[in-house]
Amino acid sequence: MDAMQQHMLDTYRAACLGEPAPPPPGRHDRRTLRDLYHHWLTHPPTENRPARHRSGPSGHSSPSGA
């Protein structure tokens, strides 16, 4: 099921229950991307990240976690 089909189903259910229809898919995409970009500008990633927990005798974690 794609986004438009899901929206149509949600709209039908809302109409049956007497609730307001949901917003169409993609309606808030620009606002969300703008907010994420603003957050990235005001909170840039840092190079000094805290050390992650390492396991094993060599100090490297294995893909299996053992």
Is a side-chain donor-acceptor pair under 3.5 Å present for Asp10 with Gln6?
yes

Of the non-hydrogen atoms in [X] and [Y], which two are nearest, and what is the gap between them?
X	Y	value
His7	Pro24	NE2-CA, 3.5 Å
Gln5	Met1	OE1-CA, 3.3 Å
Pro20	Ala14	O-CB, 3.6 Å

At what distance, to the nearest 0.5 angstrom, does [atom1] of [X] lie from [atom2] of [Y]?
X	Y	atom1	atom2	result
Met4	Thr11	CE	OG1	9.0 Å
Asp29	Arg34	CG	CZ	11.5 Å
Leu17	Tyr12	CG	OH	10.0 Å

